[in-house]
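To keep things clear, I will list the structure first and then write my remarks on it.
Since the model is a prediction, treat every value here as computed from it, not as a measurement. What's counted below: heavy atoms across the whole structure, side chains too, no hydrogens, waters or symmetry copies.
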Amino acid sequence: MAAAARARLKPGKGQKEDLCETHEECLKLFCEEDGETICWVCEKSRNHKSHTVVPIEEAAQEYKVKLQGALDPLRKELQEVLALRSKEKKKTTEWQGKVKNKREMIAGEFNKLHTLLREEEQLLLQSLEEEERETLQRLRENVTKLSQQSSSLQQLITEIEEKCQQPVAELLKDVKSTLSRSENVKLQEAEAVSTDLKNVYKISLDMREALKRFGVDVTLDPDTANPHLVLSEDRKRVSDRDTPQDLPNRPQRFDPCALVLGAEGFAGGRRYWEVGVGDKTRWILGVCRESVSREEWVTHTPEDGYWAVRLWYGGYEALTDPLTPMPVSVRPGRVGIFLDYEAGEVSFYNVTDRSHLFTFTDVSGTLRPYFCPGYSAGGENTAPLIICPVPAPAGGNLGP
């Protein structure tokens with residue numbers, strides 16, 4: 001194989017030429033097999049004698065075409081790589097956003113739980129202090145009464161002992177009265193006071209247990225129910241029917257939206273209620289402002305005065321704009337709703353596995369619970385939404 005060529009100045013000339021290092025001749029040819037430029041002497045040499053040799057201009061043109069042809073696939077691949085990189089960067093940003101939101105949610109829920117537990121601690125201590133005060137008062141009253149009896153008995157004993165030491169005439173004086181008083185002495189038993197603690201002071205780190213003391217009895221308002229909705233007599237259940245009922249036309253009634261409101265509005269305090277959703281395939285639950293429109297289709301988003309979550313076509317979502325998917329590992333059979341009016345929050349919980357679903361902030365206005373059982377076309381999704389009683393907390397109903 002010929003030695004590699006290099007560029008250098010030909011003696012006596014100021015012009016730069018490519019010369020063969022071996023033969024000092026111009027490199028005018030290109031060897032296809034070795035992929036290198038050679039001179040005419042190299043071509044005749046044994047190293048290149050049987051090789052395909054072409055002029056360098058022809059070789060350059062041929063390879064220029066090939067290089068141009070290689071550019072389009074490379075550019076296309078570059079675009080694909082850039083698109084993939086952009087996609088991964090977007091996924092990274094979205095993932096970081098999800099982690100940030102989850103971190104804030106966890107911090108918020110634990111802060112809420114800590115606040116509720118601190119309040120629960122104060123209520124339990126107040127209840128215990130009241131029970132201590134009442135029981136101690138009764139025990140001390142018993143001690144006082146027994147002390148008075150003891151003093152009276154001691155006085156009578158002393159009187160009788162002195163009577164026995166008196167002369168005959170003195171001893172017999174009023175002796176019957178003294179004996180009568182001693183015979184009529186009756187022990188006054190102390191009032192039975194139990195020293196067992198009345199209340200069960202159970203401490204729980206369960207959010208639902210902490211929320212139970214804010215339980216409220218929610219009932220449905222039939223005057224707001226869309227004609228397609230059927231309410232139970234106790235106003236605790238609502239289901240959808242294919243054909244509308246003939247109901248009085250009231251300004252507070254929802255039409256066309258298949259909604260019904262809770263009978264009571266909330267403009268302060270904390271309220272907690274639970275709704276059984278069972279195996280329903282569609283439902284919407286939440287709160288809305290008293291002032292929402294009843295006569296037009298709405299998006300059920302905070303912009304329209306609604307703060308709600310739903311199950312719709314197999315997906316659990318918070319009705320934000322845009323929608324926020326809610327990852328659910330265990331299908332909720334019952335949903336807990338906690339309104340903290342002063343904090344401006346409404347939170348939703350999966351009662352089945354006691355997990356947090358979503359929290360809305362900036363909630364305001366006179367609010368009412370609202371319910372949408374979802375349409376039941378073709379006999380599907382006919383089961384009702386059920387407002388469930390909230391059991392009393394384990395430590396007793398201490399009050400909000």
Side-chain angles (χ1 to χ4, degrees), residues 1-111 299 301 303 312-331 355-359 361:
M1 182 178 293
R6 64 182 176 86
R8 67 180 186 179
L9 290 177
K10 193 170 184 179
K13 295 184 179 181
Q15 184 178 350
K16 189 176 184 180
E17 292 185 1
D18 290 331
L19 300 178
C20 175
E21 287 187 342
T22 303
H23 304 112
E24 297 290 329
E25 296 292 339
C26 292
L27 299 171
K28 298 289 188 179
L29 303 172
F30 181 78
C31 176
E32 293 282 2
E33 279 78 357
D34 293 330
E36 63 180 15
T37 54
I38 60 175
C39 70
W40 67 272
V41 179
C42 294
E43 179 189 14
K44 303 298 183 181
S45 69
R46 184 179 293 107
N47 290 335
H48 296 281
K49 189 174 182 180
S50 61
H51 292 177
T52 302
V53 176
V54 296
I56 59 173
E57 291 82 1
E58 182 180 331
Q61 185 62 33
E62 179 183 347
Y63 278 100
K64 185 176 182 180
V65 172
K66 289 181 178 179
L67 289 172
Q68 292 286 355
L71 281 176
D72 287 341
L74 289 173
R75 288 187 178 119
K76 183 177 180 181
E77 190 161 340
L78 173 61
Q79 292 301 317
E80 290 178 357
V81 170
L82 291 175
L84 288 173
R85 186 184 71 168
S86 177
K87 184 178 180 180
E88 290 303 307
K89 289 177 69 175
K90 183 179 179 181
K91 283 171 61 178
T92 301
T93 302
E94 289 176 349
W95 169 247
Q96 290 176 324
K98 287 181 180 178
V99 171
K100 178 176 179 290
N101 290 339
K102 181 61 71 173
R103 184 179 289 113
E104 291 175 352
M105 181 276 289
I106 291 172
E109 282 303 296
F110 271 89
N111 182 60
T299 60
T301 60
E303 288 72 18
W312 216 255
Y313 295 105
Y316 293 90
E317 300 166 322
L319 298 185
T320 54
D321 186 15
L323 296 170
T324 302
M326 297 188 303
V328 172
S329 56
V330 176
R331 180 188 181 96
S355 64
H356 172 260
L357 292 173
F358 194 80
T359 293
T361 57

Partner set under side-chain contact (heavy atoms from CB on, under 4.5 Å) for [X], not counting sequence neighbours:
X	value
K102	M105, I106
V328	Y316, P332, N350, L357
N101	E104
K87	K91

Sequence neighbours left out, cut at 3.5 Å: what donor-acceptor pairs do the side chains of residues 54-82 make with other protein atoms?
from	atom 1	to	atom 2	distance (Å)
E62	OE2	K66	NZ	3.4
Y63	OH	E32	OE1	3.1

From C20 SG over to K28 NZ, what is the distance, rounded to the nearest 0.5 angstrom? 13.5 Å
Nearest 0.5 angstrom please: C42 SG to E25 CD, how far? 9.5 Å
Those residues at least two apart in sequence (or on a different chain) that pass salt bridge (Lys or Arg N to Asp or Glu O under 4.0 Å) with E43 are none
With sequence neighbours excluded, tell me which residues meet salt bridge (Lys or Arg N to Asp or Glu O under 4.0 Å) with E94. none
Other residues, nucleotides and ligands only: do more than 12 of their heavy atoms fall within 6.0 Å of CH2 on W40? no
Distance-minimising heavy-atom pair for [X] and [Y]:
X	Y	answer
C39	L29	O-CD1, 4.0 Å
A318	M326	N-CG, 3.8 Å
I38	C31	CD1-CB, 4.3 Å
F358	T320	CZ-CG2, 4.0 Å

Could you please spell out the steps behind the side-chain contact (heavy atoms from CB on, under 4.5 Å) verdict for C26 and L19? CA-CA 5 Å; C26 292; L19 300 178; 4.0 Å; yes
With T361 via side-chain hydrogen bond (donor to acceptor under 3.5 Å, both in side chains) - residues at least two apart: none
Would you please name every residue forming a side-chain hydrogen bond (donor to acceptor under 3.5 Å, both in side chains) with T299, sequence neighbours left out? T301, D304
For the pair S329 and S355, evaluate side-chain contact (heavy atoms from CB on, under 4.5 Å) and give the outcome as yes or no after the intermediate values. CA-CA 9 Å; S329 56; S355 64; 5.8 Å; no
